[in-house]
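Report on the structure given below.
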Amino acid sequence: MRGRATGARVRARLWGSLGTLVLVVLAALIVPPLFGSGSTVHYEAIRLPPGWAHPFGTDSSGRDLFVRSLAGLRISLLVAAISAVVSTVLGSAVGVAAGALGGWSDRLLMRAVDAVNAVPHLLLGIVIVSLYRGSVVAVMLSIALTHWATVARIVRSEVLSLRERPYIDAAISGGASRLRVLYRHFLPAVVPQAALSAVLLIPHAVWHETALSFLGLGLPPHMASIGNILGDGRSAVLLGAWWLILFPSLLLVATTLAVSGIAATWRDRVVPRRRSELSL
Amino acid sequence: MLSGTGLVAGYRKGVAVLDGIDVEVPAGRVTGLAGPSGCGKSTVARVLGLLQRPWEGRVSVDGDVVDGFRHSAPRAQRTAIGMVFQQPRPAVDPRFTLHEVVAEPLRATGRSEPIEALTEQVGLTAELLRRRPHEVSDGQLQRACLGRALALRPRYLICDEMTAMLDASTTAALVRVVDRQVEEHGTGVLAISHDEALLERWAGRVLRI
């Protein structure tokens with residue numbers, strides 16, 4: 001029980017997170033279509049500080065940073081969500097297979113997990129995206145292919161504990177094949193854990209995508225994400241345009257904290273005893 | 001005849017729970033297996049139910065020597081032996097409704113026949129069948145487990161302390177269901193219990209380990 005937020009604090013965290021997320025997602029959905037995607041260049045309005053006309057100021061090409069950040073966030077979240085889901089599906093498949101089959105297939109699959117985990121994720125991600133520069137699919141793959149291993153571990157340990165349950169004995173006695181035990185008993189049992197892992201992975205994936213784009217290895221410039229915006233704004237800070245870094249960063253932090261907050265509340269409710277394992 | 005000869009089995013290396021015992025379960029009657037807690041009664045059940053490979057000895061079903069256990073046993077051999085466990089709660093998937101619990105062996109073997117006759121036999125109402133395990137009592141759940149064990153009309157039935165968690169009237173009801181199965185289908189039953197009084201009344205012959 002130690003360290004777990006309780007009662008009023010849980011509610012405050014949940015409602016604070018939900019409120020922030022709804023606000024940010026609504027803004028990201030509504031604002032860019034209404035005001036153009038923030039990609040129109042205005043050379044007469046370069047690096048304007050925040051004001052009524054431009055709440056977040058403008059960037060080095062005179063683009064409105066408010067609209068541009070929200071459009072960027074939209075792309076960041078989309079890429080992160082797809083990566084998280086792909087990664088979770090892959091990890092769950094490997095975890096269920098390893099746990100259910102056991103023996104040498106288990107050993108082989110878990111060594112693959114160790115191999116992926118042995119290399120720093122960002123480094124492995126960089127290798128993957130540099131093979132396919134500027135491809136959105138490559139960015140998603142580079143995140144998905146480096147993060148399935150954790151999910152596979154969690155799911156496998158869950159299946160290992162299920163395997164010893166008497167109801168699996170009963171299923172075998174009732175003529176169920178290995179495959180049937182897998183999809184009737186193991187898969188449904190790990191779905192809540194896997195769904196939770198996916199949500200917990202989203203903020204992490206946002207940061208990964210941001211890091212790749214900031215390094216110039218991520219999304220192509222016409223699909224600017226928060227990472228691209230931060231990368232572009234980096235040099236302008238030296239010219240005194242602090243808002244180019246501050247506002248997109250705040251937006252990123254607020255969004256990822258909100259998703260984490262919701263996931264944390266969900267985790268405490270669904271799987272209280274697995275708290276530490278799921279801190280991705 | 002379901003039989004085990006010279007069974008040696010255990011869980012931890014070097015610690016044998018069964019030390020070379022012989023068990024015979026003839027068709028058409030109830031054979032009792034008595035013994036104190038921890039003597040290996042449930043291990044006998046698991047080995048004869050083809051759920052655990054013995055370290056030594058052999059198991060045969062109607063004269064055919066078994067050489068694979070669990071999933072490695074041919075489906076026809078596995079399903080020839082029905083199993084009812086002591087504790088009904090861990091023996092059912094918590095996500096299943098009672099209907100799914102009873103129907104699962106039929107569906108797993110590719111049959112779509114209804115289960116109403118079966119559930120009526122073990123005394124489960126249609127309303128109970130819609131519930132999930134946490135919404136029913138141990139007795140009701142054990143009825144579903146017995147229904148599941150009988151779903152494939154097994155030639156042998158192993159009841160491992162089937163009635164240990166149940167009250168007297170449910171015990172009597174389930175014993176009657178098993179007895180009818182013996183009379184009508186010639187099922188061979190292995191009734192395992194630490195309650196010798198129950199076995200004296202129920203079984204024609206009682207083995208002790």
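Throughout, a chain's letter reflects where its sequence line sits, starting with A, and its residues are numbered from 1.
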Please classify the contact between [X] and chain A as side chain, backbone, both or neither, with a heavy-atom cut-off of under 4.5 Å.
X        : answer
Arg46(B) : side chain
Leu50(B) : neither
Arg70(B) : both

Determine whether more than 12 heavy atoms belonging to other residues, nucleotides or ligands lie under 6.0 Å from atom [atom1] of [X].
X         : atom1 : result
Asp179(B) : CG    : yes
Asp167(B) : CG    : yes
Glu135(B) : CD    : yes
Trp55(B)  : CH2   : yes
Arg58(B)  : CZ    : no
Glu56(B)  : CD    : no

Q. Side chain, backbone, both or neither: which part of Arg178(A) has a heavy atom under 4.5 Å from chain B?
A. both
Looking only at non-hydrogen atoms, find the nearest pair between [X] and [Y] and report the distance.
X         : Y         : result
Ile81(B)  : Ser173(A) : O-OG, 3.3 Å
His71(B)  : Ala176(A) : CE1-O, 3.1 Å
Ala91(B)  : Ala170(A) : O-CB, 4.0 Å
Gly175(A) : Arg78(B)  : C-NH1, 3.7 Å
Ala108(B) : Gly174(A) : CB-O, 4.2 Å

**Q.** Derivation and outcome, side-chain contact (heavy atoms from CB on, under 4.5 Å), residues Arg184(A) and Asp93(B)
**A.** CA-CA 9 Å; Arg184(A) 281 290 278 169; Asp93(B) 192 318; over 6 Å; no
(Q) Nearest 0.5 angstrom please: Arg148(B) CZ to Tyr167(A) OH, how far? (A) 11.0 Å
